[in-house]
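Treat the numbers as computed from the prediction; the structure is a model and nothing was measured.
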Amino acid sequence: MKKENETVIVVGAGPSGLSVAATLTNQSIPYIILERENCFASLWKKYSYDRLHLHLKKQFCELPHKPFPSSFPSYIPKEKFLDYLEDYVSHFKINPLYHRTVESAEFDEGNEKWKVKAMNKDSGEVEEYDGKFLVVATGETSDPFVPEIEGLKSFPGKVIHSTVFKNGKEFKDEHVLVVGSGNSGMEIALDLINNGAKTSIVVHFLSRGILNLGLFLMKYLSMEMVDSVMVMLSKIVYGDVTNYGVSRPNEGPFYMKVKYGKYPVVDVGTYHKIKSRELKVLPAEIECVNGKDVLFKNSHLHTFDSIIFCTGFKRSTHKWLKGDDYLLNDDGIPKPSYPIHWKGKNGLYCVGLSRRGFYGAAGDAENVANDIRSILQNL
């Protein structure tokens with residue numbers, strides 16, 4: 001068993017973990033990053049669809065201490081974002097330890113250190129790391145989630161999660177059911193429309209302009225006031241979307257994002273497809289599946305060739321983080337309310353779990369680095 005002593009142990013090398021690394025480097029604080037995949041930002045590199053773009057303007061998506069190049073478009077496509085991350089990792093000399101799956105992390109009261117055990121998937125050995133500080137930066141999108149549906153195993157066609165989907169070419173001429181109505185579901189549905197895609201939607205529609213206005217207003221107004229403005233503008237721009245089978249949630253888009261982790265859907269062409277009836281809206285809930293037939297809870301039956309689940313993610317922090325009854329709940333989301341959600345006890349922190357996107361993760365990373373620096377200076 002390999003054993004290492006570190007100042008800060010960071011778990012996760014996605015954008016949140018990279019943000020932590022950069023802020024710690026900026027404060028000259030030594031650290032290591034443990035990453036279960038074979039690359040950084042694996043969700044973006046390996047598990048995202050081809051047409052993916054950042055849905056917010058680039059100034060809301062920058063990682064700490066390095067702005068996007070001025071030549072980048074306002075809404076950055078996946079490949080350019082990956083170029084930015086490559087440059088970011090090189091600039092801050094970030095070297096994650098890959099293929100390390102954390103099996104346990106527990107605070108040792110006697111030594112006042114975190115003991116982290118990680119399986120090295122290359123050597124097959126369990127490695128142990130001791131650190132004064134532990135940062136959970138595994139992100140909101142850790143483990144793909146597919147709901148349990150009666151009879152799903154009887155479906156003879158392709159059943160995949162959105163993390164496996166790349167583009168709609170292989171689904172040409174198929175009837176495809178897209179389950180889930182977040183931004184991934186909407187974009188994947190657009191990629192499938194010409195091939196007979198069907199989708200289930202329970203969603204706020206917001207234009208990019210409306211959403212960016214909302215983010216600006218959040219700096220000055222309460223969430224409740226901003227949500228009221230967003231809903232009003234959405235109704236003015238899109239009218240009565242219930243005419244097309246789209247129901248409006250009772251709560252505002254920013255409130256739903258913080259409380260449930262559901263991002264408001266940014267309209268990149270979906271609404272036009274729904275309005276023209278090219279994209280069919282089906283009930284939100286599936287009753288059961290029997291072969292190719294899918295029965296919905298309104299008793300309507302539809303037949304499909306493939307099903308794509310855009311049903312989001314769960315977090316598995318509770319499986320390996322031991323003894324924490326303060327910072328994270330069973331779903332890996334902070335218990336303390338914003339803006340003090342990032343700090344736990346005994347040197348435990350979390351970054352990128354506040355349901356506030358890259359902008360929130362960057363703020364978390366700065367707070368964590370500053371807090372660690374302050375503690376170290378007072379030792």
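Taking the ring centre of Phe72 as origin, the terminal cationic atom of Lys58 falls outside the region bounded by 6.0 Å and 45° from the ring axis. In this structure, Lys345 forms a cation-pi arrangement with Tyr326, its terminal cationic atom sitting closer than 6.0 Å to the ring centre and no more than 45° off the ring axis.
Under the 3.5 Å distance criterion, the side-chain polar atoms of Thr311 are matched with a main-chain donor or acceptor of Phe145. Asp305 places no side-chain N or O within donor-acceptor distance of the main-chain N or O of Val176, the cut-off being under 3.5 Å. Panel note: side chain Tyr84, backbone Lys66; a donor-acceptor pair is recorded below 3.5 Å. Of the possible polar contacts, none joining the Lys314 side chain to the Ser142 backbone as a donor-acceptor pair under 3.5 Å is found. Judged by distance alone, the side chain of Asp371 and the main-chain N or O of Asn367 form no donor-acceptor pair under 3.5 Å. When atom types are taken as modelled, the side chain of Lys121 and the backbone of Arg36 share a donor-acceptor pair closer than 3.5 angstrom. In terms of modelled atom types and a separation under 3.5 Å, the side chain of Thr23 and the main chain of Ala365 share a donor-acceptor contact. A donor-acceptor pair under 3.5 Å is formed between the side chain of Ser154 and the backbone N or O of Gly291. Here the side chain of Asp331 pairs no donor or acceptor atom with the backbone of Ile333 at under 3.5 angstrom. Looking only at distances, no side-chain donor or acceptor of His99 sits under 3.5 Å from a matching main-chain atom of Met119.
A distance below 6.0 Å separates the ring centres of Phe358 and Phe81.
Between Asn38 and Lys46, the side chains place a donor N or O and an acceptor N or O closer than 3.5 Å (distance only, hydrogens not considered). Using modelled atom types, one finds no donor on one side chain facing an acceptor on the other under 3.5 Å when comparing Asp191 with Tyr49. Glu287 and His300 form no side-chain donor-acceptor contact under 3.5 Å, judged by distance and modelled atom types alone.
Relative ring orientation between Tyr349 and Phe133 is described as tilted, the plane-to-plane angle lying within the 30° to 60° band. The aromatic rings of Tyr338 and His341 sit parallel, their planes meeting at an angle under 30°, below the 60° perpendicular limit.
One finds the NZ atom of Lys115 at 13.5 Å from the OH atom of Tyr129 (value rounded to the nearest 0.5 Å). Distance check, rounded to the nearest 0.5 Å: CG of Asn167 to CD of Glu170 gives 7.0 Å. The distance from the NE2 atom of His161 to the CG atom of Asp143 is 10.0 Å, given to the nearest 0.5 Å. Here CD1 of Ile375 is found 11.0 Å from CG of Asn370. Values are rounded to the nearest 0.5 Å. Here the straight-line distance linking atom NZ of Lys113 with atom CG of Asn346 works out to 14.5 Å at 0.5 Å rounding. Lys80 NZ to Leu54 CG: the interatomic distance, rounded to the nearest 0.5 Å, is 12.5 Å.
Residue-environment remark: CD (Glu150) stays at or below the threshold of 12 foreign heavy atoms within 6.0 Å. Within 6.0 Å of CG in Asn111 there are more than 12 heavy atoms belonging to other residues, nucleotides or ligands.
Of all heavy-atom pairs between Ser19 and Leu63, the closest is OG-CG, 3.4 Å. Closest heavy-atom contact between Cys310 and Ile188: SG-CD1, 3.7 Å. Here the closest non-hydrogen pair linking Gly352 and Asp364 is N-OD2, 3.1 Å. Residues Ala21 and Tyr31 share a closest heavy-atom pair of CB-OH, 3.4 Å. Nearest heavy-atom pair, Glu140 versus Arg355, reported as atom, atom and distance to 0.1 Å: OE2-CA, 2.9 Å. Scanning both residues, Ala137 and Val10, for their nearest heavy atoms gives CB-CG1, 4.1 Å.
Residues Trp44 and Leu52 form a side-chain contact, since some pair of their non-hydrogen atoms from C-beta on lies under 4.5 Å apart. Counting heavy atoms from C-beta on, the side chains of Tyr75 and Lys57 come closer than 4.5 Å. Using a 4.5 Å cut-off on side-chain heavy atoms (C-beta onward), Phe296 and Ile286 make contact.
When the side chains of ILVMFWY residues are joined at heavy-atom separations under 4.5 Å, either directly or via intervening members, Val289 and Leu295 end up in two distinct hydrophobic clusters.
Lys45 and Glu37 are not joined by a salt bridge, as no carboxylate oxygen comes within less than 4.0 angstrom of a charged side-chain nitrogen.
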